[in-house]
Amino acid sequence: MQLDFVTKLGGSAITNKRCFETLDVNRLNFAAEVLGKCHKSGLKFVVVHGAGSFGHHQADQYGVNSGYGDENVSKEHVMTGFCKTRLSVCKLNHEVVSALVNCGVPAVSVSPCGTWTMNGGVLVTDGTEIVHQLINEGFVPCLHGDCVLNQSLGCKILSGDVIIQKLCEVFSPKHAIFFTDVAGVYTKSPGDVGAKLVPHITTRHDGTITTDLQMSTDRSCDVTGGIAFKLDCACNIVRHHNGRVKVMICTGTAYHNVCINGNFDGELGTVIECQEISEGS
Ligand SMILES: Nc1ncnc2c1ncn2[C@@H]1O[C@H](COP(=O)(O)OP(=O)(O)OP(=O)(O)O)[C@@H](O)[C@H]1O
Ligand SMILES: C=C(C)CCOP(=O)(O)O
């Protein structure tokens with residue numbers, strides 16, 4: 001069975017990233033309502049969410065993303081951070097799954113810790129088998145960025161953006177849709193004077209993009225690379241599938257329309273495209 005879409009609810013959208021463990025209730029309920037309508041109309045999808053202000057702060061404070069490699073930081077300290085980061089992001093997951101269930105989505109929480117593992121920056125195992133089984137039973141799995149075990153570092157943060165990428169690899173959905181707090185990707189930080197929304201970004205086959213962008217994470221705590229990393233993952237999805245999985249980064253009405261109608265044309269947001277292979281190349 002082909003999935004209609006996988007969607008990442010960005011931590012920047014469903015939480016206030018500048019205030020410790022603070023939900024953005026309106027945006028979370030908006031996304032849950034959209035997904036409730038999608039479920040009602042028979043669409044098949046998987047939800048992933050980021051950590052926002054539930055997890056990034058603890059991960060940063062305890063150096064969880066660097067694992068046990070730093071000789072100035074005890075393993076015990078990092079392990080405490082691992083536990084605190086998980087507690088926080090699982091608290092957010094509870095809120096997300098509750099919002100989805102309240103909107104009629106048969107959402108089931110699936111935490112990556114335990115089944116997804118890494119070696120350095122590379123995924124070694126993934127928990128997609130359980131995701132598969134849940135989808136087949138009619139459930140909507142809801143995964144999240146998490147702390148995971150790492151062969152070389154001991155532990156590391158696994159971003160929801162990497163999870164979305166893996167889900168696309170395994171399930172080849174029609175669409176991958178990123179829900180964010182701003183309309184899409186801008187030429188520079190959206191709050192900066194002169195920042196313009198970029199409607200299309202084309203990824204070349206060598207992984208570079210054809211548009212000049214400035215991206216910063218200065219204004220919020222983020223241990224997984226912020227918007228630049230998200231864009232990288234989005235480009236990887238498009239290239240891996242040679243454009244067959246359509247990818248959009250958006251919010252509000254555009255998110256509603258793209259999830260429900262699958263129509264990317266004319267929607268306000270950023271569509272990621274793959275450079276066509278020219279004849280003879
Ligand atoms: N050029 C840019 N275009 C779009 N957003 C940008 C840009 N530069 C910086 N940003 C900021 O990046 C943020 C979105 O990236 P971020 O990594 O926080 O997303 P997220 O996936 O929602 O968060 P999380 O990793 O917590 O799930 C926006 O809040 C925006 O202000
Ligand atoms: C910080 C944690 C626990 C997960 C980060 O996931 P992301 O917000 O999707 O990058």
Side-chain angles (χ1 to χ4, degrees), residues 6-24 27-28 31 47-66 81-93 96 111-113 116 118 121 142-148 155-167 176-199 201 209 211-234 248-251 255 269-270 272:
V6 294
T7 185
K8 180 181 174 201
L9 307 181
S12 69
I14 60 171
T15 77
N16 179 343
K17 233 164 149 169
R18 284 170 219 163
C19 297
F20 184 70
E21 294 195 346
T22 307
L23 271 183
D24 189 318
R27 280 222 205 82
L28 174 57
V47 180
V48 179
H49 66 82
S53 58
F54 294 74
H56 279 287
H57 289 86
Q58 295 90 339
D60 186 41
Q61 186 186 345
Y62 289 88
V64 182
N65 205 27
S66 309
F82 188 104
C83 299
K84 290 191 172 184
T85 306
R86 290 215 74 235
L87 264 179
S88 187
V89 76
C90 289
K91 202 189 283 183
L92 175 62
N93 183 252
V96 175
S111 272
C113 181
W116 296 63
M118 299 175 85
C142 178
L143 297 86
H144 57 86
D146 205 352
C147 309
V148 297
C155 66
K156 194 168 175 63
I157 299 296
L158 172 65
S159 171
D161 293 325
V162 175
I163 298 173
I164 279 280
Q165 212 179 295
K166 187 69 195 180
L167 292 175
I177 309 162
F178 292 84
F179 178 61
T180 56
D181 62 328
V182 290
V185 180
Y186 286 73
T187 47
K188 52 184 167 175
S189 191
D192 289 359
V193 180
K196 288 197 179 67
L197 181 66
V198 184
I201 291 177
I209 55 172
T211 320
D212 232 2
L213 302 171
Q214 286 172 29
M215 293 171 283
S216 75
T217 51
D218 297 354
R219 293 177 194 170
S220 60
C221 176
D222 191 309
V223 299
T224 49
I227 183 74
F229 187 69
K230 176 188 313 308
L231 186 55
D232 246 17
C233 291
M248 188 158 186
I249 301 174
C250 57
T251 193
Y255 182 73
T270 302
I272 317 295

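As the structure lists them, so they are numbered: ligands from 1, and atoms in each ligand from 1. When reading the values below, keep in mind they use all heavy atoms of this one structure, side chains included, and skip hydrogens, waters and symmetry mates.
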Inset, instruction - For D24, check salt bridge (Lys or Arg N to Asp or Glu O under 4.0 Å) against everything at least two apart and list the hits. - result: R27
Legend entry - Heavy-atom pair with the smallest gap, counting every atom of C142 and N93: O-ND2, 3.6 Å
Legend entry - Heavy-atom nearest option to atom 13 (C) of ligand 1, drawn from D181, T180, D192: D181
Inset, instruction - Check ligand 1 against G52 and write out every atom of the ligand that is under 4.0 Å from a heavy-atom position of the residue. - result: 26 (O)
Inset, instruction - Say whether S12 and D181, considering side chains only, have a donor N or O and an acceptor N or O under 3.5 Å apart. - result: yes
Inset, instruction - Can you sort out the partners of L197 under side-chain contact (heavy atoms from CB on, under 4.5 Å), two or more places apart, ordered by chain and number? - result: A183, Y186, L268, T270
Legend entry - Interatomic distance, L231 atom CG to T211 atom OG1 [nearest 0.5 angstrom]: 8.5 Å
Legend entry - Side-chain donor/acceptor of S53 to backbone N/O of R18, under 3.5 Å: no
Inset, instruction - Under the salt bridge (Lys or Arg N to Asp or Glu O under 4.0 Å) rule, collect the residues that match up with K84, sequence neighbours excluded. - result: none
Inset, instruction - Give the numbers and elements of all ligand 1 atoms closer than 4.0 Å to a heavy atom of M215. - result: 1 (N), 8 (N)
Inset, instruction - Record the part of H49 in heavy-atom contact with ligand 1 below 4.0 Å; permitted values are side chain, backbone, both and neither. - result: neither
Legend entry - Result of checking V89, T224, N65 against H56 for side-chain contact (heavy atoms from CB on, under 4.5 Å): T224
Inset, instruction - Between S189, P190, A51, flag the one that comes closest to atom 6 (C) of ligand 1 by a heavy atom. - result: P190
Where does ligand 2 get N/O contacts under 3.5 Å from the protein, atom by atom?
unit_1: ligand 2; atom_1: 8 (O); unit_2: A51; atom_2: N; d: 2.9
unit_1: ligand 2; atom_1: 8 (O); unit_2: H56; atom_2: NE2; d: 2.9
unit_1: ligand 2; atom_1: 9 (O); unit_2: K8; atom_2: NZ; d: 2.9
unit_1: ligand 2; atom_1: 9 (O); unit_2: S159; atom_2: OG; d: 3.4
unit_1: ligand 2; atom_1: 9 (O); unit_2: G160; atom_2: N; d: 2.8
unit_1: ligand 2; atom_1: 10 (O); unit_2: S159; atom_2: OG; d: 2.8
unit_1: ligand 2; atom_1: 10 (O); unit_2: T224; atom_2: OG1; d: 2.6

Legend entry - Under-4.0 Å heavy-atom contact with ligand 1, by part of Q214 that carries it: backbone
Inset, instruction - Considering the heavy atoms of G10, write down every atom of ligand 1 situated less than 4.0 Å from one of them. - result: 20 (P), 21 (O), 22 (O), 27 (O)
Inset, instruction - Measure across H144 and I163 and return the closest heavy-atom pair with its distance rounded to 0.1 Å. - result: O-CD1, 3.3 Å
Legend entry - Whether H57 and F20 hold their rings parallel, tilted or perpendicular, with breakpoints at 30° and 60°: perpendicular
Legend entry - ligand 1 atoms in contact with K8 (distance to a heavy atom under 4.0 Å): 21 (O), 24 (P), 25 (O), 27 (O)
Inset, instruction - Would you check if the side chain of T15 reaches a backbone N or O of L23 as a donor-acceptor pair within less than 3.5 Å? - result: no
Inset, instruction - Report the member of F229, Y186, F179, F178 with the shortest heavy-atom distance to atom 1 (N) of ligand 1. - result: Y186
Legend entry - Per-atom contacts of ligand 1 with G226, taking only distances under 4.0 Å to non-hydrogen atoms: 17 (O)
Inset, instruction - Please determine if G11 has a nitrogen or oxygen closer than 3.5 Å to a nitrogen or oxygen of ligand 1. - result: yes
Legend entry - Q58 versus S88, side-chain donor and acceptor atoms under 3.5 Å: yes
Inset, instruction - Answer with side chain, backbone, both or neither: which part of D222 has a heavy atom less than 4.0 angstrom from an atom of ligand 1? - result: side chain
Inset, instruction - Work out whether the distance between some heavy atom of G184 and some atom of ligand 1 is less than 4.0 Å. - result: yes
